[in-house]
Amino acid sequence: MIIQNIRAITEQIIAAAHHANRNPSDITLIAVTKTHPPDVIMQAVAAGLHHLGENRVQEADEKITALAAERARLRWHLIGHLQSNKAKRAAHLFDMIHSLDSVALAERLNRHRAALEAVPPLPVLLQVNISGEDTKEGFAMRPDPTSARLDAFVQAVAAIAALPALDVQGLMTIAPYSDEPEQARPVFAALRTLRDQLRQHCPNLALPHLSMGMTNDFTVAIEEGATFVRVGRAIFGERPPLH
Ligand SMILES: *Cc1c(COP(=O)(O)O)cnc(C)c1O
């Protein structure tokens with residue numbers, strides 16, 4: 001069943017990319033594996049998915065250990081909020097952090113990453129709260145931000161980009177939950193616009209990545225420029241509630 005789900009999602013990704021005149025190979029499907037045990041995760045890996053997303057450091061740590069034999073071919077993404085007391089472990093465990101949401105957290109991650117031997121800078125995405133929902137983590141932004149708000153964000157991005165053990169690669173957002181995927185489109189379009197504005201202010205930052213789109217809205221996110229889509233339920237089925 002997982003393999004059929006992945007096949008169907010891959011076809012939808014290709015169709016959405018073609019619809020937007022994009023190259024499907026520019027879009028990476030992250031299998032969101034939270035709540036699922038290693039044997040279930042291995043079914044997705046066997047079906048060809050090597051990018052895995054977890055939202056809790058402790059839970060990821062256990063699975064990364066259980067799947068240590070596969071470590072070289074897997075890419076583990078932290079997609080959930082990172083508490084500062086977990087920054088040290090996260091700097092060691094993950095291949096990419098999607099949920100960087102403050103300069104202070106970035107400084108902590110940088111310090112811990114720099115202390116590791118022989119590792120490249122840690123790729124990070126800055127999480128942005130575009131929709132203004134106060135339940136969402138991330139740098140507070142709005143569609144059409146005021147110039148003061150945009151300036152403050154540019155300053156934060158520049159400060160993080162100056163940290164040598166981090167590699168700022170783009171932005172991430174979570175759209176408000178809706179059964180109607182079109183509701184998410186303005187949020188995704190606003191994230192892309194924000195990325196383009198950042199590029200103008202920080203010309204030495206390429207910011208190639210936009211992490212946006214989940215089970216309900218990943219095709220719309222691809223049409224709006226997503227390079228990472230984070231999909232859980234469409235691959236593995238419904239999770240137990242409260243996760
Ligand atoms: C759980 C989660 C996802 C996946 O959500 P689905 O609806 O299961 O596809 C994506 N991104 C984040 C940040 C999540 O916490």
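All ligand and atom numbering here is 1-based and tracks the order in the structure. Bear in mind the structure is a predicted one, so any value in this text is a computation, not a measurement. No hydrogens, no waters, no symmetry mates; every other heavy atom, side chains included, goes into these values.
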E59/K63 ion pair, N-O < 4.0 Å: yes
Heavy-atom contact under 4.0 Å between R239 and ligand 1? yes
Under 4.0 Å from any heavy atom of I174, which atoms of ligand 1 are there? 13 (C)
Need the ligand 1 atom indices (1-based, order shown) with element for anything under 4.0 Å from a heavy-atom of R233. 6 (P), 7 (O), 8 (O), 9 (O)
May I ask you to check whether over 12 heavy atoms, not counting those of H50, lie within 6.0 Å of atom NE2? yes
Backbone or side chain, does any N or O of G232 fall under 3.5 Å from an N or O of ligand 1? yes
Going by the order shown, which atoms of ligand 1 are within less than 4.0 Å of some heavy atom of R230? 4 (C), 9 (O), 10 (C), 11 (N), 12 (C), 13 (C)
Salt-bridge present (D144, R149; N to O < 4.0 Å): no
If you count the atoms of ligand 1 from 1 in the order shown, which ones are under 4.0 Å from a heavy atom of V231? 9 (O)
Just wondering, do D217 and Q183 contact through their side chains at under 4.5 Å, heavy atoms? no
Considering only heavy atoms, does K34 approach ligand 1 within less than 4.0 Å through its side chain, its backbone, both, or neither? side chain
Is there a donor in the side chain of H98 and an acceptor in the side chain of S211, or the other way round, less than 3.5 Å apart? yes
Within 4.0 Å of some non-hydrogen atom of I79, the atoms of ligand 1 are 11 (N), 12 (C), 13 (C), 14 (C)
So among I79, V124, L125, L122, which one has a side-chain contact (heavy atoms from CB on, under 4.5 Å) with M96? L125
